[in-house]
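Just below is one structure, and these are the notes that go with it.
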Amino acid sequence: MRRTGLTPVTQDTVRTFVERFKDQKGEVLFTRSWRETLGAIVTELRRRGVKGVAVASSGDGRSDELVRELSDEFRVVPPGASAVEIESCDAGITFPVAAVAETGSIVEVSYTESDRLVSALPPIHMAHLKADAVLRDLLQVAGLIRSAARSRAFAVTLISGPSRTGDIELRLTLGVHGPHSTVLFLEV
Amino acid sequence: MKSMGYAELEKLVSAALARGRVRGLYEAMVRGLTGRERAIAEFEDYGSFRRKVREVKERSVEELEDLVEEFVRNAEARGARVHYAADAEDACNIILRIVEQSGGKKMVKSKSLTSEEIELNDRLEREGIEVLETDLGERIIQLAREKPSHLVFPAIHKTVGDVAELFSAEAGRKLEPEIGALLTYIRSRLRREFLDADVGLNGANVAIAELGAVVLETNEGNGRLVASLPRVQIVLVGIEKVVRTVEEALMLARSHAVAATGQRLTVYVSIMGGRMPLRDAEGRELHIVLLDNKRRRMREDPFFREALYCIRCGACMNVCAPYSVVGGHVFGHIYPGPIGIPWTANVHGLEKASFAHLCISCGLCKEVCPVEINIPMMIARVKEMEAEVHGFPRVNRVMMAYERFGGLASRLAPISNRAIRSRAVRWLMEKLLGLDRDVELPAFDRRTLRARLRSVRRRPENPVMRVALFPDFFYEYVRPDVAEGLIALLQEAGVEVEVPPVKTSGYPLVAYGDLKGARRYAERNVRVLREYASKGYLIVSLEPTATYALKFVYPYLLRDRDSMVVSERTVEALTLLRDLLRSGRISLKPVSGRYGVHVPCHQRALSGAEHVTLLLSSAGAEVEVIGDGMCCGMAGTFGMKAGPIGRGLSLAMGERLFSMFKSRELDAIVTESSVCAIHLKEGTGMRVMHPLELLRFEVNR
């Protein structure tokens, strides 16, 4: 991991998270700023031959900025789209609110199905998260869930790598009904 | 008398033994067990986590009515329509009505054991509704028109070729037998269905009262699509799944993944409340069907209440040796495996639960259960209930009379020993008693332990400690010399040893379901031992099963203070020797050679391999613990019974372990269990020793 300027405790937590997320076949790319993340996302989308990209809402300015950044080169489906539109994309980009070191999971909060489907329908899932949002223990997510639950309808999803099955001859195979790749841009 | 169920079961087991093991099942089980071990190793203190998980379930079932009420109130406040279903038929009717009112003809489903419990698919299909299972394994099984053979891997018995054939038939074109291609097919095939379906049905792993929300865990990602895409979402959930807080729900999700597959968490854990909007989609509905189906009755039952603690991880199946041989189609009705026995007896009826006879009472299901559910005692209760209706099978009655038989054989030795070596006598015994003619029976000693002690008893002056030895059957009648050797050593080391007037442990009565009889053994032994305990005696037991009975089974059967005291005062013989060694009272003489240790099932709840390996390696021996985590198959007297539910199954269970031992270069196998020793000796042809036959001690003065 690159030099981060984080406290040693946090650094341990982040290291554990990264180790476990990767151990679960998640991919992690480190960036140092949101600006750098935007560039890294474009590079990764190109490298993977992506044409259509769905973007979830970030609750801050990131999704708008991302839509603008990508629109010249890719077919972009902005936040709030229909299921069919999201389904038509090769990649979906979301903005998790936290990650958990203990279980190697990222935590997404959604208040619309469109947001949730961005990480569920396309075969590639990309996400952006700042390293200071990595929690140590699973139970620390409880507060986030309660706060999401103040909304009448909500979904909190803990995602621990790409979708998988061992149903045929116990052979681990990635990407069944969900994404085959889960790529996290971790801003440190 | 054999019940109809028992005779039918014998036929099924015979056929299963003739077919051989279910393809891939054993590998899936071992993978589950090793994954679980790996995941547990990451916990700072898994034992304390497990106790907390159990407390969550205990509390939730205790407060069930309150929690259900709170859950319903909060779910309704989110716009959910909540339906109560008293039983399976009621639940099917409710779901059918919701589907009909939606105007839909097609339902997509993610894996839900509760929907299997109520046989929902059959009912919907009879009414002309198309049901699509979307979990890959479930979909394979659905196309094959079979039942799942494993809880986590329902289609484990199908090869990639089988799957290609099934999918090709559905697709109307030839698909290559290659997993990638098959997955691409099923993804696009079901993707259309997800987008078009009117109704989606999923189960819930947990329901959270404080939020009126449900938790859904899936690895494939189908659950997320079932829950989000269709206009109408139905959640079917048993009332025992409700917990109060978010923290409790998260603990259960963690515990479930660790025990089921050895994952830290299932890939997608969704906590969902209400129905979120989706652009262009109108009239989105959420229905929650809360199922009782005998759960409230189970809650009132002192034995079966614990079944409601089950979080459906399947770990108990992964460790069950008879299940590994015959598979879930024989060892199960709709709910398979060990926990399937009490669930089946309660929700589908006692007559469907006759596979209880395949349980060998090894107790390992309790050891791996993430909620430490006392599955073995629930199964014993199911066997008892069956016997109340049909009586005990004759051979089981014979096995339960083991103590009388042993006493007689010992008095008649050596004549009895010659008799049991005679083919004619053994043939007769098989015909009359059901005792297999080929199983090697131990030779009985005419001079029982108590008879020997009458002549040699001497007490050390000013003893350093006092020990009440519990000899059990084997060290009383068969190898009193081993117990006598231990007593002599202890006395020389300044320990006062008494052999109290106890009976044997009575565990075979638990194993065959005579709980009233077992309680009589427990009462008698606890009455005697309680006296010794109150005088400061440590209770020392040589036979792992007897130690297990004293420590865990008697307190469960008697539920009183005295049995708890006896339990607390009981230790294994090797534990005592380890302590004497540590205190410097005794030392070990060197032992050379290479030994494979077999840990008997009941010992895994005690010291496991710890003390035996410590003592042997301290003496200089090379030691390796060998096993796959399952029972060797002897299971007390189970392997002595003639027929498929007995020696047939017993030998099949042992095969893998036998080859493991035979593949090593060993001087002998070491085990503390007398009956495992018989089985291992027969299965491997190797020498099998009790650690006390191998270890030599000297007393330090």
Side-chain angles (χ1 to χ4, degrees), chain A residues 20 23-25 80-85 87 100 102-105 108 110-117 119-121 123 137-139 141-146 148-149 151-171 173-180 182, chain B residues 24 27-28 31 77-79 134-137 140 153-156 158-160 163 179-180 182-183 186-187 190-191 194-195 210-211 213 219-222 224-225 227-229 245-247 250-251 253-254 257 261 263-281:
Chain A
R20 294 186 175 180
D23 171 46
Q24 290 150 191
K25 313 290 178 200
S82 71
V84 173
E85 287 168 321
E87 148 71 14
V100 183
E102 180 187 347
T103 56
S105 321
E108 290 189 358
S110 346
Y111 303 102
T112 68
E113 294 294 1
S114 307
D115 275 347
R116 169 152 71 156
L117 289 170
S119 64
L121 285 170
D137 303 321
L138 179 63
L139 292 190
V141 180
L144 285 173
I145 297 171
R146 281 201 187 89
S151 170
R152 189 166 191 250
F154 73 97
V156 176
T157 315
L158 290 107
I159 301 177
S160 308
S163 89
R164 71 198 56 201
T165 184
D167 273 347
I168 303 179
E169 298 188 352
L170 287 179
R171 283 191 261 169
T173 318
L174 300 181
V176 193
H177 296 295
H180 58 65
T182 305
Chain B
E27 289 73 18
R31 175 180 289 201
R78 295 182 183 281
T134 62
D135 171 89
L136 177 60
I140 295 168
F153 300 107
I156 187 64
K158 296 284 180 201
T159 63
V160 62
V163 178
I179 294 183
L182 296 172
L183 249 55
I186 202 70
R187 182 180 169 103
L190 289 179
R191 194 49 77 87
F194 281 125
L195 291 166
E210 67 162 318
L211 303 184
N219 275 313
E220 295 180 4
N222 58 320
R224 298 182 79 196
L225 301 181
S228 58
L229 290 170
T245 68
V246 181
E247 284 83 356
L250 290 172
M251 283 169 68
R254 177 92 164 103
T261 52
Q263 288 171 285
R264 298 182 181 98
L265 265 189
T266 308
V267 174
Y268 300 106
V269 177
S270 305
I271 300 108
M272 305 176 284
R275 199 82 215 279
M276 299 191 293
L278 176 60
R279 207 187 76 180
D280 301 341

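The figures that follow rest on heavy atoms only: side chains count, while hydrogens, waters and symmetry mates do not. Chain naming here is simple, since letters A, B, ... match the order of the sequence lines and numbering starts at 1 in each.
- With respect to the salt-bridge test (charged N to carboxylate O, under 4.0 angstrom), the residues B:Arg224 and A:Glu113 do not qualify.
- With a threshold of 4.5 angstrom between heavy atoms, B:Ala28 approaches chain A through its backbone and through its side chain.
- For A:Asp23, the part lying under 4.5 angstrom from a heavy atom of chain B is the side chain only.
- Between B:Arg78 and A:Ala149, the closest heavy-atom pair is NH2-O, 2.9 Å.
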Go through the steps to decide whether A:Glu169 and B:Ile156 satisfy the test side-chain contact (heavy atoms from CB on, under 4.5 Å), and finish with yes or no.
CA-CA 6 Å; A:Glu169 298 188 352; B:Ile156 187 64; over 6 Å; no
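- Interface remark: of the candidates A:Ser110, A:Ser160, A:Ser114, A:Gly175, A:Ser160 forms the most heavy-atom pairs closer than 4.5 Å to chain B.
- Using a 4.5 Å cut-off between heavy atoms, B:Glu27 touches chain A through backbone and side chain atoms alike.
- Side-chain atoms of B:Arg187 come within 3.5 Å of backbone N or O of A:Gly178 as a donor-acceptor pair.
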side-chain contact (heavy atoms from CB on, under 4.5 Å) for A:Leu158 and B:Leu265? Distances and angles first, verdict last.
CA-CA 9 Å; A:Leu158 290 107; B:Leu265 265 189; 4.0 Å; yes
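- If you measure heavy-atom distances from B:Leu250 to chain A, the contacts under 4.5 Å come from both the backbone and the side chain.
- For the set B:Met272, B:Glu247, B:Met276, the entry with the most heavy-atom pairs within less than 4.5 Å of chain A is B:Met276.
- Residue B:Ile271 holds its CD1 atom at 11.5 Å from CZ of A:Arg146, rounded to the nearest 0.5 Å.
- Heavy atoms closer than 4.5 Å to chain B are found in the side chain of A:Glu108, but not in its backbone.
- Within the 4.5 Å cutoff, side-chain heavy atoms of A:Arg20 are placed close to those of B:Arg264.
- A distance of 9.5 Å separates OG1 of B:Thr261 from CZ of A:Arg164, quoted to the nearest 0.5 Å.
- The CG atom of A:Leu139 lies 9.5 Å from the CZ atom of B:Arg254; values are rounded to the nearest 0.5 Å.
- Shortest non-hydrogen contact noted between A:His177 and B:Gly221 is CB-C, 3.9 Å.
- There is a side-chain donor-acceptor pair under 3.5 Å between B:Glu220 and A:Thr165.
- Side-chain atoms of A:Ile145 and B:Leu211, non-hydrogen and from C-beta on, do get closer than 4.5 Å to each other.
- In this structure, the side chain to side chain contact (heavy atoms under 4.5 Å, CB included) partners of B:Arg279, at least two apart in sequence or on a different chain, are A:Ser82, A:Glu85.
- At a 4.5 Å heavy-atom cutoff, B:Ala253 makes no contact with chain A through either its backbone or its side chain.
- Between B:Arg191 and A:Glu87 there is a salt bridge, since at least one side-chain N of the basic residue sits less than 4.0 Å from a carboxylate O of the acidic one.
- Between A:Ser119 atom OG and B:Tyr268 atom OH the span is 7.0 Å, to the nearest 0.5 Å.
- From B:Ile179, atom CD1 reaches atom CG of A:Asp167 across 10.0 Å, with rounding to the nearest 0.5 Å.
- In this structure, the portions of A:Pro179 lying under 4.5 Å from any heavy atom of chain B include both its backbone and its side chain.
- Within the 4.5 angstrom heavy-atom criterion, no atom of A:Thr182 approaches chain B.
- Per-residue heavy-atom pair counts under 4.5 Å with chain A were compared for B:Gly180, B:Gly274, B:Ala257, B:Ser228, and the maximum is reached by B:Ser228.
- The greatest number of non-hydrogen atom pairs below 4.5 Å with chain B, out of A:Asp115, A:Leu117, A:Leu121, is found for A:Leu121.
- The two residues A:Ala83 and B:Leu229 have their closest heavy-atom pair at CB-CD2, 3.5 Å.
- For chain A, the nearby part of B:Val163 is the side chain; its heavy atoms alone come within less than 4.5 Å.
- The minimum heavy-atom distance linking B:Leu225 with A:Ala120 is given by the pair CD2-CB, 3.9 Å.
- Side chains of A:Ile168 and B:Lys158 form no contact here, defined as non-hydrogen atoms less than 4.5 Å apart.
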